[in-house]
Amino acid sequence: MATAQRLPPSGALEAIDAAAECAFAPHARHLGPLPARLVWSRPAAVVIFAGLDGVPEGDRAVLVRPTRELLARHTVRERIKAGRVSLHDHSLNTLPDTAQEIAFMALHVARPETPPEGCVTPALN
C-alpha cells in the first residue's frame with residue numbers, strides 16, 4: 001500500500017503503454033518501478049506480479065494513480081470496458097467500471113511470447 005500511495009498522479013498513458021510489456025523484463029520487481037525502453041520516460045507506475053483482484057493469473061499489472069482527466073478520456077473508458085484495465089480504491093480493492101471514486105488503475109499485461117528486450121529500470125529518487 002505504501003508503494004502505491006507514493007505514486008504521483010498520471011495524466012497520460014502513452015509512456016506507460018509503451019513500457020507495459022517491460023513488466024516481464026527479467027529485472028522487473030514486484031512493487032518496483034516499471035522498467036521502460038527509454039530511460040528518460042520514467043513512467044509513473046509500479047509493477048505488480050500477483051495478488052491484485054481482477055488481474056488474471058499469469059498476467060502482471062502496471063499500477064497507476066490516474067487523474068480525473070485521464071479517466072474521462074474516451075479511449076481510457078473503452079479500455080476499461082474491454083476488461084484489460086481494472087479500477088481500484090485506496091485499499092486496492094476492485095471497483096466496478098462505473099465507480100466514481102477511483103484511486104488506482106491497473107493495466108493488465110499478458111506474458112509476451114519472448115522476454116522483452118531493451119527495458120531499463122529507472123533509478124529510485
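Note that the structure is predicted; figures quoted are calculated from it, not measured. All residue numbers refer to positions in the sequence shown, counting from 1.
P8 is linked by a side chain to side chain contact (heavy atoms under 4.5 Å, CB included) to A44, counting only residues two or more places apart in sequence or in another chain. By the salt bridge (charged side-chain N to carboxylate O under 4.0 Å, His left out) test, R37 pairs with E21, sequence neighbours left out. Partners of A103 according to the side chain to side chain contact (heavy atoms under 4.5 Å, CB included) rule, which considers only residues two or more places apart in sequence or in another chain, are H90. Applying the side chain to side chain contact (heavy atoms under 4.5 Å, CB included) test to A20 and every residue at least two apart in sequence or in another chain returns V109.
Sorted by first and then second residue, the salt bridge (Lys or Arg N to Asp or Glu O under 4.0 Å) pairs involving residues 78-101 (not counting sequence neighbours) are D17-R79, D59-R84. Sequence neighbours left out, not one pair with a member in residues 70-113 passes disulfide (SG to SG under 2.5 Å). Sequence neighbours left out, not one pair with a member in residues 36-105 passes disulfide (SG to SG under 2.5 Å). Within the structure, the disulfide (SG to SG under 2.5 Å) test picks out the following pairs touching residues 4-47 (sequence neighbours left out): C22-C119. Residue pairs meeting the side-chain hydrogen bond (donor to acceptor under 3.5 Å, both in side chains) criterion with at least one member in residues 6-15: none, sequence neighbours excluded. Annotation: disulfide (SG to SG under 2.5 Å) contacts involving residues 31-64, sequence neighbours excluded, are absent. Residue pairs meeting the ring-ring contact (aromatic ring centres under 6.0 Å, His included) criterion with at least one member in residues 7-35, sequence neighbours excluded, are H30-F49.
Environment of CD in E117: sparse, with no more than 12 heavy atoms of neighbouring residues, nucleotides or ligands closer than 6.0 Å.
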